[in-house]
> 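One structure coming up, written as structure tokens, with questions to follow.
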Amino acid sequence: MKIYNTLTRQKEEFTPIEEGKLRMYVCGPTVYNLIHIGNARPMIVFDTFRRYMEYQGYEVNYVSNFTDVDDKIIKKAQEEGVDAGEISARYIKECKKDMEGMNVRPATVHPLATQEIDGMIDMISQLIEKGYAYAAADGTVYYRTGKFADYGKLSHKNLEDLQAGHRDIQVTGELKEDPFDFVLWKPKKEGEPAWESPWGEGRPGWHIECSVMSKKYLGETIDIHAGGEDLIFPHHENEIAQSEAASGKEFARYWMHNGFLNIDNRKMSKSLGNFFTVRDIAQTYDLQVLRFFMLSAHYRSPLNFSEDLMEAAKNGLERIRTAAETLTRLMQAGTDAAMSVQEEALYAKAEEFRKKFEDAMEDDCNTADAVSAVFELVKFINTNSSAQNARAYLQKLYDLLQTLCGILGIRIGQEEEILDAEIEKLIQERQEARKQKDFARADQIRDELAQKGILLKDTREGVTWKRA
Ligand code: AMP
Ligand code: ZN
């Protein structure tokens with residue numbers, strides 16, 4: 001797998017720290033509003049990357065935070081006259097609904113900044129001890145940027161050039177030693193959420209969150225850190241400065257950044273009013289269309305959102321689904337015979353599209369080319385399947401199409417979203433719960449399975465199940 005590493009500005013062969021394992025951190029949204037389709041881009045592209053790595057056999061530990069303490073959240077809470085916690089809890093819930101609609105799988109862990117304050121205080125204390133941070137008289141703790149020799153290595157900026165360009169950046173009244181020093185801890189303001197700390201009551205700065213959560217859930221050095229390209233500077237640069245100064249080790253080996261989503265060729269922004277939430281889109285389109293649209297471009301390219309392109313994505317997705325439906329229909333009529341030599345040969349041809357798909361994904365997660373490979377497979381299916389074929393052959397074509405679409409997170413047709421092994425596991429858990437007389441849990445599992453179309457039958461021989 002080749003990955004374009006922002007740190008080295010080139011495509012590099014990916015080698016994990018530990019064989020077969022991938023430790024990945026993706027910066028998540030600040031939860032003060034419904035997420036917009038720009039926020040959805042990193043969610044979709046890195047979820048696809050994760051799915052591909054799992055398909056390749058990696059055990060992926062995928063961590064993505066919710067920033068649940070921030071000026072914008074506090075402002076919104078004040079406007080509504082409620083607690084900041086109420087705002088963030090509300091929008092985390094809404095964000096998870098959107099993620100589900102876009103078929104973005106939940107991360108292994110979704111840490112919340114407000115639950116990790118102790119870790120942040122520890123790291124800030126460590127930075128102060130090592131001389132990389134200082135507390136100002138008003139209780140603000142700043143990072144001493146000039147002390148970190150590698151500052152600028154990710155964004156390829158030179159601190160001295162930056163300083164020369166911003167000689168007048170120092171805001172009067174700020175107690176920074178240097179304009180590029182950034183906040184690790186801010187003192188409490190009236191009416192704001194605050195935590196006790198050695199520097200008085202206050203709350204953490206944004207950058208320290210990700211350094212701490214990444215370390216806690218993935219370790220001091222991780223394989224991949226990712227997010228939108230707007231985060232390269234200063235957010236990710238500052239994360240490196242904090243983490244590497246604290247641990248003395250490399251923070252992340254590969255840095256992946258998605259390009260921006262524009263609307264009608266203009267930068268999408270709230271102030272311009274050319275701004276859509278994922279929820280807006282869901283009124284007109286199945287969110288699978290939004291996902292398919294996002295994957296039709298390379299993740300590092302800027303992507304223009306327009307109705308025309310969404311319509312094209314919708315039609316493309318329809319074409320794939322029609323092929324899947326056709327196969328399902330043909331399978332019902334297909335013969336029971338084993339695959340003929342001819343069918344074996346044809347299927348071998350179809351496998352070439354898998355190879356094309358994989359080659360595209362191996363080349364820095366080129367989903368645009370991977371989608372083209374899926375379209376080629378669809379065309380192949382349309383010309384090489386009929387009711388005269390063996391069911392086994394049609395099934396293999398269907399499975400191949402489903403596998404490739406599954407990596408893209410695209411659902412086709414009547415999918416068995418729950419695997420047999422998972423069903424068996426839940427049934428066992430239910431039996432265990434009944435043994436423990438935890439009938440509430442047992443019923444809950446039965447309902448959960450029923451919702452997924454799995455019907456249980458208790459027999460004298462044990463529990464049997466079937467798909468509804
Ligand atoms: P934020 O809530 O602004 O911190 O953003 C959460 C994630 O969405 C970050 O990875 C951002 O880089 C990303 N993001 C925000 N706006 C866009 C956009 N218009 N296009 C692509 N990614 C974006
Ligand atoms: Zn972050």
Side-chain angles (χ1 to χ4, degrees), residues 6 24-47 49 62-73 76 87-88 91-92 94-95 98-99 102 104 107 109-113 116 120 123 154-155 182 184 204-218 222 224-243 251-252 255-278 281 290-291 293-295 297-306:
T6 309
M24 179 159 184
Y25 187 97
V26 182
C27 290
T30 306
V31 278
Y32 67 102
N33 217 330
L34 291 172
I35 59 162
H36 58 64
I37 55 176
N39 299 137
R41 192 171 187 196
M43 288 177 182
I44 291 170
V45 298
F46 297 121
D47 175 66
F49 178 80
Y62 189 94
V63 177
S64 191
N65 65 301
F66 285 114
T67 296
D68 63 343
V69 55
D70 169 88
D71 289 343
K72 295 185 213 110
I73 299 172
K76 177 100 171 182
I87 298 291
S88 55
Y91 290 111
I92 286 170
E94 298 299 340
C95 177
D98 287 337
M99 284 169 65
M102 298 185 294
V104 169
V109 195
H110 280 289
L112 305 180
E116 310 287 346
M120 298 188 214
M123 193 180 278
L154 179 70
S155 51
F182 57 88
L184 298 172
W206 171 37
H207 315 301
I208 195 77
E209 276 180 30
C210 290
S211 281
V212 167
M213 295 189 267
S214 175
K215 176 182 157 192
K216 175 163 171 188
Y217 296 100
L218 297 168
I222 69 169
I224 302 176
H225 196 112
E229 66 184 6
D230 57 322
L231 300 186
I232 298 172
F233 187 85
H235 184 54
H236 288 162
E237 197 67 75
N238 291 353
E239 282 187 40
I240 292 176
Q242 297 163 154
S243 296
F251 176 43
W255 289 84
M256 294 174 82
H257 292 102
N258 64 271
F260 249 50
L261 186 74
N262 300 320
I263 289 190
D264 291 328
N265 289 315
R266 286 158 79 212
K267 194 182 151 120
M268 187 181 79
S269 84
K270 276 187 180 169
S271 54
L272 287 171
N274 55 351
F275 177 89
F276 292 112
T277 63
V278 169
I281 301 303
L290 181 67
R291 180 168 185 126
F293 156 77
M294 297 268 187
L295 297 178
H298 190 279
Y299 76 94
R300 282 191 289 117
S301 312
L303 174 58
N304 188 48
F305 180 87
S306 70

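Atoms within each ligand, like the ligands themselves, are counted from 1 in listed order.
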> Report yes or no: does Asp98 contribute a side-chain atom to a donor-acceptor pair with the main-chain N or O of Cys95 at less than 3.5 Å?
no
> Donor-acceptor pair, distance only, cut-off 3.5 Å: does the side chain of Arg300 make one with the backbone of Asn258?
no
> What protein heavy atom sits nearest atom 9 (C) of ligand 1, and how far off is it?
Leu231 CD1, 3.7 Å
> Is the distance from the ring center of His236 to that of His257 below 6.0 Å?
yes
> Does His235 bring an N, O or S atom to under 2.8 Å of the Zn ion (ligand 2)?
yes
> If you count the atoms of ligand 1 from 1 in the order shown, which ones are under 4.0 Å from a heavy atom of Met268?
19 (N)
> Can you check the angle at the Zn ion (ligand 2) formed by SG of Cys210 and SG of Cys27? Round it to the nearest 10°.
130°
> Using a strict 4.0 Å cut-off to heavy atoms of Gly259, name the atoms of ligand 1 that fall inside it.
21 (C)
> Indicate yes or no for a side-chain donor-acceptor contact from Thr6 to the backbone of Trp255 under 3.5 Å, with no hydrogens or angles considered.
yes
> Report yes if some N/O of Gly228 lies less than 3.5 Å from some N/O of ligand 1; otherwise report no.
yes
> Do ligand 1 and Gly38 have nitrogen or oxygen atoms that lie under 3.5 Å from each other?
yes
> Please list, in number order, the atoms of ligand 1 under 4.0 Å from a heavy atom of Leu261.
18 (C), 19 (N), 20 (N), 21 (C)
> Please state whether Ala226 comes within less than 4.0 angstrom of ligand 1, counting heavy atoms only.
no
> Polar contacts were defined as any N/O atom of the residue lying under 3.5 Å from an N/O atom of the ligand; does this apply to Asn39 and ligand 1?
yes
> Numbering the atoms of ligand 1 from 1, which are under 4.0 Å from a heavy atom of Asp230?
11 (C), 12 (O)
> Decide whether an N or O pair under 3.5 Å exists between Thr30 and ligand 1.
yes
> What's the spacing between Ile92 CD1 and Leu112 CG if we round to 0.5 Å?
4.5 Å
> Identify, by atom number and element, the atoms of ligand 1 in contact range of Pro29, meaning under 4.0 Å from any of its heavy atoms.
2 (O), 6 (C)
> Taking Leu154's backbone N and O only, do any of them form a donor-acceptor pair with Glu237's side chain (distance below 3.5 Å, no angle check)?
yes
> Of the backbone atoms (N, CA, C, O) and the side-chain heavy atoms from C-beta on, which set of Asn258 has a member under 4.0 Å from an atom of ligand 1: side chain, backbone, both, or neither?
side chain
> Between Phe276 and Phe305, is the gap from one ring center to the other below 6.0 Å?
yes
> Measuring centre to centre across the rings, with the benzene-like ring taken for any Trp, is His110 within less than 6.0 Å of Phe66?
yes
> Enter the distance from Asn262:CG to Met268:CE here, rounded to the nearest 0.5 Å.
8.5 Å
> For atom 13 (C) of ligand 1, what's the nearest protein heavy-atom neighbour? Residue, atom name and distance, please.
Pro42 CG, 3.8 Å
> Under a 3.5 Å distance rule, please check whether Asn39 uses its side chain to pair with a backbone N or O of Pro29 as donor and acceptor.
no
> Please determine whether any non-hydrogen atom of His36 lies less than 4.0 Å from an atom of ligand 1.
yes
> Does Glu239 reach the main-chain N or O of Ile208 with its side chain, forming a donor-acceptor pair under 3.5 Å?
no
> The Zn ion (ligand 2) to His236: any N/O/S contact under 2.8 Å?
no
